[in-house]
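Sharing a structure below in structure tokens format, with a few things to ask.
Throughout, a chain's letter reflects where its sequence line sits, starting with A, and its residues are numbered from 1.
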Amino acid sequence: MYCRFGFVDNAYTIFKDMPFRDMGCWNSMISGFCQNGNAKEALNILDDMIMEAIEMDSVTVATILSTCAQMNDILRGMVIHLFAIKHGLEFNVFVSNALINMYAKFGYLKCAQNVFDHMDVRDLVSWNSIIAAYEQNDYPHDALKFFHLMKLNKVQPDLLTLVSLSSCVAQTKDVLCGKSVHGFIIRRCWITKDTVTGNGVVDMYAKLGDIGSARKAFEELPSKDVISWNTMITGYGQNGFASEAINVYRWMKESENVKPNQGTWVSILPAYAHLGALRDGMRIHGQVIKENLDLDVFVGTCLIDLYGKCGRLIEAMSLFYEVPRETSVPWNAIISCHGLHGLGETSLKLFEDMLNEGVEPDHVTFLSLLTACSHSGLVDQGRWCFHAMQQEYGFKPTLKHYGCMVDLFGRAGQMEIAYNFIESMPMKPDASIWGALLGACRIHGNVEMGRKASSRLFELDSENVGYYVLLSNLYANFGRWEGVDEVRSLARDRGLSKTPGWSSIELNNRIEVFYTGNQSHPQSEEIHKELAILNAKIKGLGYIPDFSFVLQDVEDDEKENILTSHSERLAIMYGILNTPPKTCIRIFKNLRVCGDCHNVTKFISKLTERRLL
DNA sequence: AAGACGAGCC
């Protein structure tokens, strides 16, 4: 009874004073410790039990197996499995189920499957366990196969089955299937009964990219726990709605019966990093230190990413050296943020350190390295990485890796090589691959190759406006306005409109977002007026507007107007008007900064003696 | 007797 209410210590005091203990006592003491997350104590009790020469029964074995799973103790788990075989307990339903769960947690799917195959009686837990085993190891199709087998065997699914199922559906990206899973749950009224199931539905919709349905399911949850909130925040973040994620977090803070936890920090920090909200992120950092979570690998990696993305590489580095770095993840973060800021050499150096410390790189490590190389023009080093990942580490390159390579060659101006590289790919190139080539054509002004790339692109992904914009930009650079018109009307016919560019700036603890040509800001008039004055001043310093970045066929003075109202300039001027002289201004944006703005920024920086980041 | 959410790259 004490165990059930979480008073394990009380239970233990009584237990110790008992003159005679039957099997039930031992077992409930062990499982008591285990369920309260105190696996070590549970194993100590087991040792006492062995000391008193009492044999484990099936319940003990099952409990200990789940303890081993919790503690990642593979060796002990296998010893217990041997013990179970020796004592004929292997095919006991409890023991078999526990074995399946344990092996699944270690990723030993073959062992789990083997246990499952040899059971002669299978209960609901057995089916749930084998389904979860495949689902959690990223084999959703196999998991679904067992779900169908389960139905054929006339076993009725329960809440847990559906939780696994919703995760499978999310992994297979099967939107229709998602609706059936949701429908099934609604028919059984499980949403009202159990928060876990509802959370699963919210997460499923978010992972399917249907953030509207996710939000709806979230709002309809009869009770929201901390995981419901974390799921919703992450869902927005991963679908690119960082400010929505922040809004949900604010809403969460207003609700009284929920307290943010480590998972909350891990969901909100990437949203701040995405917007470059350094100060907001730093506030979380402070909170995290108070809670002693700053050395947690998950939180630590998010902080490294935050500081790194915001250009604070020194802070990112010192954090990096404080968090445990036995896994590739924090390494990937620190490698990629150096790459992001054009410090490819440092990224490569860090990779070397990683290998020297005996940390195994994964496919993300190579993605980070390849992007680092392509941003720094390190073509040979990029080739080397691509080669090493296959030859030395046995990774099969994914489409993303191929995309990085195309980007690497393309940015370096090696268009033919990039094209031939695509042609030699063992899989069908997707839109992102041709998109990378088209992007490079835009940079290097290669119209012919650009046409080739875009014709393939429009076949593959006729919905993505970005590609139409790129091609029309390419034509515009060469003054081929008929080409521009053609692309524009093509996009219009398909009902597409352009993603608006935005820039953000943080001021007085608020994030202010500006859109191109934005007139709705309260200070808008002043901003435009000051920008015109500033424009005149920097011309005096030798600035010449580069109209090749204007993509409309209009007169030159109109072109200049268009350039002057780019979102980053509005944000910069807002910053100049509202901060003391010479303070550093930090701008964040969603699209790449245009070449003319980049140039202007340098002049403004000189003129106002401010650092612009 | 088991179980939900959450990072890094794009």
Side-chain angles (χ1 to χ4, degrees), chain A residues 27 30-31 34-35 58-67 69-70 92-102 104-105 123-133 135-136 158-164 166-167 170 194-204 206-207 224-235 237-238 240 261-270 273 296-306 308-309 323 327-337 339-340 362-372 398-401 403-404 407 432 435-436:
Chain A
N27 287 336
I30 293 172
S31 70
C34 191
Q35 275 169 9
S58 58
V59 181
T60 328
V61 170
T63 314
I64 293 297
L65 284 172
S66 75
T67 311
Q70 252 184 54
N92 174 286
V93 189
F94 291 173
V95 174
S96 293
N97 291 349
L99 280 169
I100 296 172
N101 277 303
M102 181 188 74
K105 202 155 234 162
D123 64 1
L124 175 61
V125 180
S126 324
W127 287 101
N128 281 350
S129 302
I130 197 74
I131 291 171
E135 173 256 311
Q136 281 164 10
D158 73 344
L159 287 163
L160 259 75
T161 324
L162 266 291
V163 170
S164 289
S166 53
S167 163
D194 177 56
T195 317
V196 176
T197 319
N199 291 347
V201 172
V202 175
D203 186 53
M204 175 187 76
K207 291 221 168 84
K224 300 180 181 63
D225 61 7
V226 64
I227 296 191
S228 322
W229 289 95
N230 297 351
T231 309
M232 195 65 240
I233 296 172
T234 310
Q238 287 179 345
N261 67 0
Q262 180 249 18
T264 315
W265 311 135
V266 176
S267 47
I268 194 65
L269 280 171
D296 174 277
V297 204
F298 273 67
V299 176
T301 306
C302 291
L303 287 168
I304 293 168
D305 184 53
L306 170 84
K309 282 215 174 88
V323 301
T327 65
S328 61
V329 184
W331 287 96
N332 296 345
I334 198 76
I335 289 175
S336 89
C337 70
L340 198 71
D362 61 7
H363 67 108
V364 181
T365 314
F366 288 102
L367 270 180
S368 316
L369 281 171
L370 291 174
T371 35
T398 65
L399 273 170
K400 286 181 182 171
H401 294 99
C404 287
D407 200 49
S432 72

>> Counting the atoms with a prime plus P, OP1 and OP2 as sugar-phosphate, which does A:Val196 contact under 4.0 Å by heavy atoms, base, sugar-phosphate, or nothing?
In response: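 Contact class for A:Val196: base.
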>> Which residues pass the ring-ring contact (aromatic ring centres under 6.0 Å, His included) test with A:Trp331, not counting sequence neighbours?
In response: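 Partners of A:Trp331 by the ring-ring contact (aromatic ring centres under 6.0 Å, His included) criterion, ordered by chain and then number, come out as A:Phe320.
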> Within the structure shown, what part of the strands sits under 4.0 Å from A:Lys224 by heavy-atom distance: base, sugar-phosphate, or nothing?
Replying inline: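 Nothing: the residue A:Lys224, judged by heavy atoms under 4.0 Å, touches no strand.
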> Of all the nucleotides listed (B:dA2, B:dA7, B:dC9), which has the minimum atom distance to the side chain of A:Val364?
Replying inline: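 Between B:dA2, B:dA7, B:dC9, the one nearest the side chain of A:Val364 would be B:dC9.
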> Side chain of A:Thr231: nearest nucleotide among B:dC5, B:dC10, B:dA7?
Replying inline: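 My answer, after comparing the listed nucleotides, is B:dC5.
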> Which is true for A:Gln136 with a 4.0 Å heavy-atom rule: it touches a base, it touches only sugar-phosphate, or it touches nothing?
Replying inline: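 Sugar-phosphate, no base atom in range.
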> Side chains of A:Thr195 and A:Lys224: closer than 4.5 Å at any heavy-atom pair?
Replying inline: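 Counting from C-beta outward, A:Thr195 and A:Lys224 never come under 4.5 Å.
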> Using a cut-off of 4.0 Å on non-hydrogen atoms, how would the nucleic acid contact of A:Asp203 be classed: base, sugar-phosphate, or nothing?
Replying inline: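 Contact class for A:Asp203: sugar-phosphate only.
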>> Heavy atoms only, 4.0 Å cut-off, all strands: where does A:Thr371 land among base, sugar-phosphate and nothing?
In response: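 Sugar-phosphate only.
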>> Quick check for you: among B:dC10, B:dA1, B:dA7, whose closest atom lies nearest to any side-chain atom of A:Asp123?
In response: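 Output: B:dA1.
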> A:Phe298 stacking on B:dA7: centroids under 5.5 Å, ring planes under 30°?
Replying inline: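 Yes, A:Phe298 stacks on the base of B:dA7.
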> Of all residues at least two apart in sequence or in a different chain, which pass the salt bridge (Lys or Arg N to Asp or Glu O under 4.0 Å) check with A:Lys207?
Replying inline: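 A:Lys207: salt bridge (Lys or Arg N to Asp or Glu O under 4.0 Å) contacts with A:Asp203.
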>> From CG of A:Asn97 over to P of B:dA1, roughly how many Å is that when rounded to an integer?
In response: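 One finds 12 Å between P of B:dA1 and CG of A:Asn97, rounded.
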> Taking only N and O in the side chain of A:Lys105, is any of them less than 4.0 Å away from OP1 or OP2 of B:dA2?
Replying inline: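 Checking B:dA2 against A:Lys105, no side-chain N or O comes under 4.0 Å of OP1 or OP2.
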